[in-house]
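Just so you know, these numbers use all the heavy atoms, side chains as well, and skip hydrogens, waters and symmetry mates. What you see is a predicted model, and the numbers here were worked out from it, not measured in a lab.
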Amino acid sequence: MAQETEGVRSLRYWIVVVGLVILAVFVYFYPPFEKLVSDSIRGLASSTIVFWFAAFVGVVAYVIAHWQSFRQHFFRRVNDLDAEGLVFDTLQVALLVALILCAGGILQLIEMLSLHLIDKGTVLDPVFGRKLLAMIVVVILAIGFYLLHRMVRAFRLGRRPGRTPPRRS
């Protein structure tokens, strides 16, 4: 009986995914919707679509992960509310979303640098330098967010009994 409900749940999940893909394809080719989105959101152009896609993925990932964490820490254990676990989960997910946004920004900057190198005759000009500096800053931010994520994860897990503590001088 449990296998039947799990199979129905899995089938329902895939039907929803296929429906969302069909809806996305319809919306993509529907000209009034495209005009509405391009008029409503400033800066949305084909040249910045990589970053917008990363932002969309980041927001959806944050909502899904936060909902799952909320369900795990509050709905399943009503008698034992675990606010600390929810805070750590939310902080970790927020740092991972920041990392996703940085990755999208890096991909967008790589695309912009590639277009600049293809279109322009001179390679070393101030525009190229600004774009390269922006990419270096975003890479440093991504590394910082990754290290923060690892640090929060280490605080959450704490010291494990099987590991030897670091030596002190």
Side-chain angles (χ1 to χ4, degrees), residues 10-73 83-158:
S10 176
L11 180 64
R12 189 178 310 152
Y13 170 77
W14 286 110
I15 289 173
V16 168
V17 168
V18 168
L20 288 175
V21 168
I22 291 171
L23 180 69
V25 168
F26 173 74
V27 166
Y28 179 73
F29 290 111
Y30 189 58
F33 182 78
E34 180 184 355
K35 184 174 182 333
L36 173 71
V37 169
S38 62
D39 289 345
S40 301
I41 302 174
R42 286 188 194 166
L44 182 65
S46 61
S47 63
T48 59
I49 198 68
V50 174
F51 179 74
W52 283 107
F53 181 73
F56 176 74
V57 167
V59 168
V60 169
Y62 183 77
V63 167
I64 290 172
H66 192 67
W67 173 250
Q68 287 178 347
S69 176
F70 196 80
R71 257 189 15 203
Q72 177 186 3
H73 292 290
E84 182 180 331
L86 180 66
V87 168
F88 274 117
D89 282 350
T90 302
L91 187 57
Q92 276 187 311
V93 169
L95 288 170
L96 286 176
V97 168
L99 193 60
I100 290 171
L101 291 175
C102 286
I106 291 169
L107 287 175
Q108 186 67 52
L109 286 167
I110 288 172
E111 185 226 353
M112 291 172 137
L113 277 173
S114 301
L115 285 176
H116 179 79
L117 291 175
I118 290 171
D119 291 342
K120 303 289 182 176
T122 60
V123 175
L124 299 175
D125 60 348
V127 174
F128 179 78
R130 279 190 300 242
K131 290 178 182 179
L132 187 62
L133 182 64
M135 189 168 73
I136 291 170
V137 168
V138 174
V139 167
I140 291 171
L141 278 173
I143 291 170
F145 284 131
Y146 175 74
L147 292 175
L148 279 172
H149 169 71
R150 297 295 292 184
M151 186 176 70
V152 167
R153 187 172 180 188
F155 277 131
R156 181 179 186 183
L157 296 177

Exercise for review: List for me each residue that meets ring pair (Phe, Tyr, Trp, His ring centres under 6.0 Å) alongside Trp67, sequence neighbours excluded, and say none if there are none.
Suggested key: Phe75

Check your understanding: Can you name the nearest heavy-atom pair linking Gly58 to Val97, along with the distance?
Key -> O-CG2, 3.4 Å

Review point. When rounded to the nearest 0.5 angstrom, what distance separates CD in Glu111 from CG in Leu113?
Key: 10.0 Å

Point to revise | Heavy-atom pair with the smallest gap, counting every atom of Leu109 and Lys131 | key: CD2-O, 4.3 Å

Review point. Which distance, rounded to the nearest 0.5 Å, do you find between the CG of Leu99 and the CG of Leu148?
Key: 10.5 Å

**Study point:** ring pair (Phe, Tyr, Trp, His ring centres under 6.0 Å) partners of Phe145, counting only residues at least two apart
**Key:** none

Review point. Can you name the closest pair of heavy atoms from Phe128 and His116 and give their distance?
Key: CB-NE2, 3.5 Å

Review point. Mind checking whether His149 and Tyr146 have parallel, tilted or perpendicular rings, split at 30° and 60°?
Key: tilted

Exercise for review: Please report the closest heavy-atom contact between Ile106 and Ala142, naming both atoms and the distance.
Suggested key: CD1-CB, 4.3 Å

Exercise for review: Under the side chain to side chain contact (heavy atoms under 4.5 Å, CB included) rule, collect the residues that match up with Ile143, sequence neighbours excluded.
Suggested key: Val139, Leu147

Check your understanding: Between atom CG of Leu96 and atom OH of Tyr62, what is the distance when rounded to the nearest 0.5 Å?
Key -> 11.5 Å

Study note, to complete from the structure: Heavy atoms of Val93 and Ala65 approach each other most closely as CG2-CB, 3.6 Å

Review point. Nearest 0.5 Å, what's the CD-CE distance between Gln92 and Met151?
Key: 11.5 Å

Revision key, fill the gap. Here the pair of heavy atoms bringing Asp89 nearest to Ser69 is OD2-OG, 2.8 Å

Study note, to complete from the structure: dist Leu141:CG -> Ile136:CD1 (nearest 0.5 Å) comes out at 12.5 Å

Point to revise | Test side-chain contact (heavy atoms from CB on, under 4.5 Å) applied to Leu20 and Val18, Val17, Val16, the passing residue | key: Val16

Check your understanding: Is it true that a side-chain atom of Ser114 and a backbone atom of Ile110 form a donor plus acceptor pair closer than 3.5 Å?
Key -> yes

Exercise for review: Drop me the distance from Leu107's CG to Met135's CE, to the nearest 0.5 angstrom.
Suggested key: 10.5 Å

